[in-house]
Enquirer: 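Take a look at the following structure, please.
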Amino acid sequence: MSWVRVVVKMELDILRRIRELIGSHRDFLCVAHKDADADSLGSALAFADHLRGTGARAYVWAPDPLPVNLAYLPGYQTVNREEAPADAVVIAFDAGSPSRFGNLAARIERAPFTILFDHHASNDGFGDLAIVDREAAATGVIIYDVLRLWGSDIGADAATNLYAAIFTDTGGFRHDNTSAHVLRLGAELADLGADVAYVALKSYKSRPQTTLRLQAAACAAARYELDGRLTWSEVTQEMLAEAGAQMEETEGIIDVLQSLDTMECALLFKQEGERLTKVSVRTRGDLEAHSLVAEVGGGGHVRAAGAEVEMSLEELERVILGRARAAILGGTA
Ligand SMILES: [Mn+2]
């Protein structure tokens, strides 16, 4: 039942044209977004496997620095290794605009043809052929449904990549986007050989001490406003140095902040540089996370969003906290 829903939503005509394009080209460049996550890179790796199975050549690229915490994904060692021919068809995964692909954005813009698979609410609709399902829990869900529709032979490695994509984008099957459909896909991928315990271990139980130290500092610095409806914290360059950690180790802090019982909006500000700050947003209830950051050029989903802005830490905090407080009190975002 849910299977039919997904296929109809994905527009069979576009899928047919994508399949024809794959059949008539030889080289494909699969790209994951900046600060790649398991959904983006896992989807790209699984789709590259499919392409190779059809006799095509597939290259997988992700913007530098490639996150080392994704090294467990099968095929990770092939990422960013081999330059794709200039006329390769670009297939982009899990982001709504070319700018989200960092140093690969230019490559996407000048590609002879671009295909996009995405599930973000804030999608610009780029790509010559795009499959955008905003209700899909993960891009990995879309890729799995497409490969299944095409009768593709999904091996254990591709199954692990797709499982990792779905498992992490649902927060380990805990977020609101966890549905019966998603749980069924998880079971099917396990049947296909996905190593589910290994993915859980590598996703949530493999943190170095520096990460825990940084998380402790960020939690200690957390502020609680409006009776705990708004909670926020920050990671400064000084805090990173103190913990001996890298900025990519901030992953997971927002999950602790959003575990607060009274929380409607959780924010984490990250000082990337003097004039460059990132913010992660999580919401519960009526607040829309992607709407909170739309004004500063960010995007994402209803429950999870983010932005990277050329502002100082203090400036971005002032803008976003102002919006968050108004949205909570006014009931809009
Ligand atoms: Mn995703």
Side-chain angles (χ1 to χ4, degrees), residues 6 9-10 30-48 60-63 66-67 69-70 72-73 76 79 91-102 104 108 115-127 130-147 158-179 181-183 185-186 189 194 199-200 202-204 248 251-252 254-255 258 278-283 288-290 293 298-308:
V6 171
K9 278 169 59 68
M10 286 195 304
C30 298
V31 292
H33 60 64
K34 197 164 175 276
D35 305 315
D37 59 13
D39 188 26
S40 185
L41 193 59
S43 294
L45 286 165
F47 202 80
V60 180
W61 279 72
L66 187 59
N69 62 343
L70 298 180
Y72 73 94
L73 295 177
Y76 176 91
V79 179
I91 310 182
F93 296 85
D94 194 41
S97 70
S99 65
R100 280 288 292 132
F101 292 87
L104 297 176
I108 293 172
I115 297 170
L116 170 71
F117 291 102
D118 185 35
H119 70 127
H120 286 82
S122 55
N123 190 291
D124 296 346
F126 83 93
I131 295 289
V132 179
D133 182 355
R134 291 173 175 78
E135 284 173 33
T139 295
V141 169
I142 300 171
I143 299 306
Y144 180 55
D145 281 337
V146 170
L147 296 186
T160 294
N161 276 317
L162 292 174
Y163 182 86
I166 297 169
F167 183 70
T168 54
D169 256 35
T170 56
F173 298 123
R174 285 179 305 174
H175 296 335
D176 287 3
N177 57 4
T178 306
S179 63
H181 181 61
V182 159
L183 291 166
L185 297 193
L189 289 164
V199 171
K202 291 297 182 179
S203 306
Y204 298 119
E248 66 185 53
E251 206 190 326
I254 192 72
D255 296 313
Q258 73 163 331
K278 282 189 190 173
V279 61
S280 297
V281 187
R282 299 292 183 273
T283 59
E288 291 186 344
H290 66 281
V293 290
H301 308 279
V302 177
R303 291 278 159 260
E308 182 176 39

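Note that ligands are numbered from 1 as they come in the structure, with each ligand's atoms numbered from 1 the same way. The structure displayed is predicted, hence computed values, not measured ones.
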Enquirer: Restricting to N, O or S, what is the name of the atom of Asp39 that lies nearest the Mn ion (ligand 1)?
Expert: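 The atom in question is OD2.
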
Enquirer: When you compare the side chain of Asp145 with that of His181, does any pair of heavy atoms fall below 4.5 Å?
Expert: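 In contact.
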
Enquirer: Do Phe93 and Asp39 come within less than 4.5 Å of each other through their side chains, counting heavy atoms only?
Expert: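 No, every pair of side-chain atoms sits at 4.5 Å or beyond.
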
Enquirer: Measure from the Mn ion (ligand 1) to every N/O/S atom of His119 and report the name of the nearest one.
Expert: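 The Mn ion (ligand 1) is closest to the His119 atom NE2, counting only N, O or S.
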
Enquirer: Side chains of Asn69 and Glu251: donor-acceptor distance under 3.5 Å anywhere?
Expert: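 There is such a pair (donor and acceptor under 3.5 Å, judged by atom type) between the side chains of Asn69 and Glu251.
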
Enquirer: Quick check: of its N, O or S atoms, which one does Asp94 have closest to the Mn ion (ligand 1)?
Expert: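 The Mn ion (ligand 1) is closest to the Asp94 atom OD1, counting only N, O or S.
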
Enquirer: Kindly say whether His33 contributes a backbone atom to a donor-acceptor pair with the side chain of Ser40 at under 3.5 angstrom?
Expert: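 At least one qualifying donor-acceptor pair exists.
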
Enquirer: Can you tell me if, anywhere in Asp118, an N/O/S atom lies at a distance from the Mn ion (ligand 1) that is smaller than 2.8 Å?
Expert: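 So Asp118 does not bind the Mn ion (ligand 1) by this criterion.
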
Enquirer: Going by side chain to side chain donor-acceptor pair (under 3.5 Å), name the residues that satisfy it together with Asn177, two or more places apart in sequence or in a different chain.
Expert: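 For Asn177, no residue satisfies side chain to side chain donor-acceptor pair (under 3.5 Å) once neighbours in sequence are set aside.
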
Enquirer: Kindly give the atom name of the N, O or S atom of Asp169 closest to the Mn ion (ligand 1).
Expert: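 Going by distance to the Mn ion (ligand 1), the closest N, O or S atom in Asp169 is OD2.
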
Enquirer: Taking backbone and side chain together, does Asp37 place any N/O/S atom at a distance below 2.8 Å from the Mn ion (ligand 1)?
Expert: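 No, since none of the N, O or S atoms of Asp37 sits under 2.8 Å from the Mn ion (ligand 1).
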
